[in-house]
Amino acid sequence: MEVPKQLLTHFLILILCTDLLCMSIRQIQAESVTPEEAKLLRDEVRGMFYHAFDGYMDHAFPRDELKPLSCGGEDTLGGYALTLIDSLDSLALMGDFEHFTTSVEWIGKNLRFDIIAYLQNKTVSVFETTIRILGGLLSAHLIASDYATGMRIPSYDDELLHLAEDLARRLLPAFDTPTGIPYGSVNLLYGVDENESKITSTAGGGTLTLEFGVLSRLTDDPIFEQVTKNSVLGLWARRSRINLVGAHINVFTGEWTQKDAGIGTSIDSFYEYLLKAYLLFGDEEYLYIFQEAYAAAMHYLYNDPWYVEVNMNSAALVWPLFNSLQAFWPGLQVLAGDIDPAIRTHTAFFSVWKRYGFTPEGFNLATFSVQQGQRSYPLRPELIESTYWLYKATRDSRYLDAGRDMVASLQYGARCTCGYCHISDVEFHKQEDHMESFFLAETVKYLWLLFDLAAGSDNLVENGPYKYVFSTEGHLLPATPQISLVKEHCSYIGAFCPRSNFGHEPPTFDIPMESQEPNATKTFLDTTSLLGHSYVHKSSSVSGVIKGLCPGLSHSQKYGISYVASHSTTLSDERVDQSESTVVQSHSVVLLSDSSAINTPDDLQNDTEPSSSKGDGEPFRG
């Protein structure tokens with residue numbers, strides 16, 4: 001591979017400079033990305049995708065994932081060509097009709113979950129199987145079956161949809177619990193094993209609504225949507241009195257077994273799917289819960305510009321820690337229209353990337369160093385995802401510059417023989433022989449979208465027939481009439497309000513395409529319409545998207561969402577006085593003036609599950 005001189009110089013500066021002086025040198029030497037360079041970077045990222053995809057197809061397929069150093073394969077989830085299924089809509093997004101068609105046809109002809117279940121007797125993660133396999137199948141089905149996408153496969157006869165329905169029915173036994181919150185794992189042949197753990201993560205129970213909801217609409221069977229919504233309501237009903245949720249819960253008793261509240265590990269995509277389920281389905285109950293949950297998170301977890309973990313009952317500080325799964329949050333804030341804090345938090349998170357060339361799994365904000373035992377970077381997409389959304393909202397060139405840094409780090413730190421390797425230690429850039437499927441489903445996809453947007457995009461997301469909501473695995477779920485217009489709702493695309501003060505004018509769903517001015521600020525949603533809380537930092541130039549919700553009862557009048565107090569809830573714990581925290585400007589790090597503040601409350605149980613391999617903070621991801 002020929003190395004562009006500018007990119008190589010940029011990478012050397014990136015990994016050699018870690019103090020403020022070097023940061024200044026970077027600012028002087030690194031010119032902002034031009035439109036011409038954006039095109040080159042887009043092509044560079046496309047080459048990264050195919051280096052990894054071809055490596056998988058040549059050396060690992062049909063096993064789940066590639067071993068990029070040894071050029072072999074391994075089964076990590078269910079033994080059903082995980083990386084290929086996870087990559088389908090990435091192929092479509094890049095306009096690769098040939099590979100998309102052959103991949104869809106192979107899966108439709110060769111993949112049978114009944115045979116796999118019978119021969120291999122597989123027990124799988126409900127969460128990972130849903131977001132990677134079910135989401136991948138549904139997204140590819142919606143692209144391959146629709147002439148409007150430009151990727152319609154003439155011979156396609158809904159094979160992926162049938163596979164998705166079969167798989168989802170095999171996951172349904174996991175939801176048979178007293179709380180409605182599913183077990184973390186289920187056997188594809190026999191259902192839930194009698195010895196299966198009753199402890200699951202909040203993200204694991206709250207990050208299934210998009211995929212299952214889409215399946216219900218495509219099959220006209222409401223069961224899939226019903227069980228996943230019941231799970232979300234089961235979690236929310238057991239929130240603390242200050243509207244925080246813990247990290248792990250007993251699906252039978254509803255008792256929290258880990259009471260750390262945060263926006264990262266084991267919780268993150270619970271918040272994400274509340275907002276996205278509203279955007280895709282128009283269900284105002286999800287919006288109401290999101291507003292309440294977001295307000296609590298910003299009040300108790302936000303220590304500008306960082307986020308900390310606290311006890312869910314008392315708000316006492318537990319961990320002053322940035323973990324890499326938190327990095328999705330600025331992107332979520334863009335979708336909600338809360339731009340200003342998103343910008344500040346992204347700047348803080350990206351400063352960690354610049355310090356090491358990657359983000360470690362954990363970064364201690366009290367010592368401003370890598371957290372012991374959390375030194376790796378498993379090719380996670382979250383920071384790149386937020387970079388894309390902030391550029392989409394603001395058109396600020398700083399996010400293209402950040403993307404260039406990320407490309408440089410991946411190309412010269414993670415690229416290996418047949419693909420891209422995990423980094424086992426961000427300080428020494430030691431490579432590990434593993435490449436998660438989400439590298440192709442998310443990491444490279446968001447980088448490609450970032451530079452394609454800057455270069456003058458012509459892809460399904462920016463210029464396609466529908467507006468798309470990204471799943472937590474980066475899969476494209478379109479707001480088609482079949483999915484979004486099940487019920488009349490003013491926020492649906494093309495829907496009309498019934499007789500009201502708003503008349504019959506259809507609402508605008510204006511995801512920004514191209515800005516007329518280089519630094520024009522736009523965003524996805526109107527801050528006031530979705531959040532409406534006094535703590536929200538209003539951006540000066542925010543274009544509303546969902547305009548004119550049908551008038552009627554208030555959210556609190558419509559939804560009497562129950563609250564179930566935990567028997568072990570303690571309200572006497574003193575809360576941390578956030579005014580006592582000190583921000584050291586030279587490093588933008590939170591230092592605690594009272595070291596005792598990080599002590600774990602007596603009622604906090606440390607029933608944690610093994611660390612994950614993936615991102616987005618779910619049972620096996622963080």
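Keep in mind that the numbers below use all heavy atoms, side chains included, and drop hydrogens, waters and symmetry copies.
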(request) Could you tell me if the ring centre of Phe470 sits under 6.0 Å from that of Tyr446? (result) yes
(request) Give a yes or no answer on whether the side chain of Ser125 reaches the backbone of Thr129 with a donor-acceptor pair at less than 3.5 Å. (result) no
(request) List the atom of Gly184, the atom of Thr200, and the distance in Å for their closest heavy-atom pair. (result) CA-OG1, 3.8 Å
(request) Begin from the C-alpha positions of Ser216 and Ile223 and carry the test side-chain contact (heavy atoms from CB on, under 4.5 Å) through to its verdict. (result) CA-CA 7 Å; Ser216 275; Ile223 185 62; 5.6 Å; no
(request) Using modelled atom types only, decide if a donor and an acceptor are shared between the side chain of Thr149 and the backbone of Ile143 within a distance under 3.5 Å. (result) yes
(message) By the definition side-chain contact (heavy atoms from CB on, under 4.5 Å), identify the one residue from Asp86, Ile131, Ile85 that meets it with His475.
(response) Asp86
(message) Taking the side chain as everything from C-beta on, heavy atoms only, tell me whether Ile384 gets closer than 4.5 Å to Leu450.
(response) no
(request) Verify, without hydrogens or angle tests, whether His429 (side chain) and Tyr356 (backbone) share a donor-acceptor contact under 3.5 angstrom. (result) yes
(message) If the condition is salt bridge (Lys or Arg N to Asp or Glu O under 4.0 Å), which residues does Asp193 pass it with, not counting sequence neighbours?
(response) none
(request) Return yes if a side-chain donor-acceptor contact under 3.5 Å exists between Ser240 and Asn313, otherwise no. (result) no
(request) State, yes or no, whether a side-chain contact exists between Val45 and Phe49 at a heavy-atom distance under 4.5 Å. (result) no
(message) Would you compute the distance between atom CG of Leu218 and atom CZ of Phe224 and round it to the nearest 0.5 angstrom?
(response) 10.5 Å
(request) Write down the atom of Glu225, the atom of Gly213, and the distance for their closest heavy-atom approach. (result) CB-CA, 4.1 Å
(request) Measure the spacing between OG of Ser87 and CD of Glu442 and express it to the nearest 0.5 Å. (result) 11.0 Å
(request) Using a strict 4.0 Å threshold on nitrogen-to-oxygen distance, state whether Glu105 and Lys109 make a salt bridge. (result) no
(message) For Trp329 together with Tyr294, are the ring centres under 6.0 Å from each other?
(response) yes
(message) Around atom CZ of Phe97, are there more than 12 heavy atoms from other residues, nucleotides or ligands closer than 6.0 Å?
(response) yes
(request) Check whether the side chains of His141 and Tyr156 place a donor and an acceptor atom closer than 3.5 Å, and report yes or no. (result) yes
(message) Is the shortest side-chain heavy-atom distance between Glu74 and His434 below 4.5 Å?
(response) yes
(request) Spell out, as yes or no, whether a donor-acceptor pair under 3.5 Å connects the side chain of Asp158 to the backbone of Leu161. (result) no
(message) Counting C-beta onward and ignoring hydrogens, is there a side-chain heavy-atom pair between Pro378 and His422 closer than 4.5 Å?
(response) yes
(message) Has Tyr271 got a side-chain atom pairing as donor or acceptor with Leu275's backbone, closer than 3.5 angstrom?
(response) no
(request) Quick one: closest heavy-atom pair of Val126 and Tyr183, and the distance? (result) CG2-O, 3.6 Å
(request) Please confirm whether Phe349 and Phe322 have ring centers closer than 6.0 angstrom. (result) yes
(request) Using modelled atom types only, decide if a donor and an acceptor are shared between the side chain of Glu385 and the backbone of Pro330 within a distance under 3.5 Å. (result) no
(message) Less than 6.0 angstrom separating the ring centers of Phe53 and His99, yes or no?
(response) yes
(request) Specify the closest pair of heavy atoms between Ala164 and Leu138, including all atoms of both residues, with the distance to one decimal. (result) CB-CD2, 3.9 Å
(message) Does atom CZ (Arg112) have a neighbourhood of more than 12 heavy atoms from anything else shown, all under 6.0 Å?
(response) no
(message) Any heavy-atom pair between the side chains of Ile483 and Leu142 that's under 4.5 Å?
(response) yes
(request) Taking the six-membered ring of Phe113 (Phe, Tyr or Trp), confirm whether the NZ or CZ of Lys122 is under 6.0 Å from its centre and within 45° of its axis. (result) no
(message) Tell me whether Asp64 is salt-bridged to Arg132, with the criterion being a basic N under 4.0 Å from an acidic carboxylate O.
(response) no
(message) For Phe358 and Tyr377, I'd like to know if the aromatic rings sit close, meaning centre-to-centre distance below 6.0 Å.
(response) yes
(request) Return the set of residues passing side-chain contact (heavy atoms from CB on, under 4.5 Å) with Asp157 (not counting sequence neighbours), or none when no residue passes. (result) Glu159
(message) When you measure from the side chain of Ser231 to the backbone of Gly205, do you find a donor-acceptor pair of N or O atoms at a distance under 3.5 Å?
(response) yes
(message) Testing the basics here: between Ile116 and Gly79, what is the closest heavy-atom pair and its distance to 0.1 Å?
(response) CD1-O, 4.2 Å
(message) side chain to side chain donor-acceptor pair (under 3.5 Å) for Tyr420 and Glu436? Distances and angles first, verdict last.
(response) CA-CA 9 Å; Tyr420 288 81; Glu436 294 268 10; over 6 Å; no
(message) Under the side-chain contact (heavy atoms from CB on, under 4.5 Å) test against Tyr80, which residue among Leu163, Ile107, Val124, Asn110 passes?
(response) Val124
(message) With heavy-atom distances below 4.5 Å as the criterion, would you say the side chains of Asn187 and Val192 are in contact?
(response) no
(message) With a 4.5 Å cut-off on side-chain heavy atoms, are Thr83 and Leu66 touching?
(response) no
(request) Could you go through the ring-ring contact (aromatic ring centres under 6.0 Å, His included) check for Trp106 and Phe61 one step at a time? (result) CA-CA 12 Å; Trp106 184 91; Phe61 175 77; 4.7 Å; yes
(request) Could you tell me whether the side chain of Arg152 and the main chain of Ala148 form a donor-acceptor pair under 3.5 Å? (result) no
(message) Check for me whether the distance between the ring centres of Phe363 and Trp353 falls short of 6.0 Å.
(response) no
(message) Quick check against the 3.5 Å criterion: does Thr179 have a side-chain atom that pairs as donor or acceptor with the backbone of Val251?
(response) yes
(message) Which heavy atom of Thr359 sits nearest to which heavy atom of Ser324, and what is that distance?
(response) OG1-CB, 4.1 Å
(message) Within this structure, what is the OG1-CZ distance for the pair Thr472 and Phe438, rounded to the nearest 0.5 Å?
(response) 11.0 Å
(request) May I ask you to decide whether Lys229 forms a salt bridge with Glu285, counting only side-chain N to carboxylate O separations under 4.0 Å? (result) yes
(message) Taking the side chain as everything from C-beta on, heavy atoms only, tell me whether Leu82 gets closer than 4.5 Å to Ile133.
(response) yes
(message) To the closest 0.5 Å, what do you measure between CG (Asp221) and CZ (Phe212)?
(response) 11.5 Å
(message) Could you walk me through whether Thr207 and Ser269 satisfy the side chain to side chain donor-acceptor pair (under 3.5 Å) test, starting with their C-alpha distance in whole Å, then the side-chain angles of each, then the deciding distance to 0.1 Å, before giving a yes or no?
(response) CA-CA 6 Å; Thr207 315; Ser269 48; 2.8 Å; yes
(request) Please assess Leu274 against Trp236 for the test side-chain contact (heavy atoms from CB on, under 4.5 Å), listing each intermediate value before the final yes or no. (result) CA-CA 11 Å; Leu274 289 174; Trp236 185 243; 5.7 Å; no
(request) Would you check if the side chain of Thr130 reaches a backbone N or O of Leu134 as a donor-acceptor pair within less than 3.5 Å? (result) no
(message) For the CG atom of Asp433 and the SG atom of Cys416, what is their distance to the nearest 0.5 Å?
(response) 7.0 Å
(message) Just to verify, which of Val308, Val310, Asp260 counts as forming a side-chain contact (heavy atoms from CB on, under 4.5 Å) with Trp319?
(response) Asp260
(request) First locate atom OH of Tyr468, then atom CG of Leu279, and finally report the distance between them rounded to the nearest 0.5 Å. (result) 16.0 Å
(request) Compute both the distance and the angle, then confirm whether Arg63 meets the cation-pi test with Tyr56: under 6.0 Å from the six-membered ring centre, within 45 degrees of the axis. (result) no
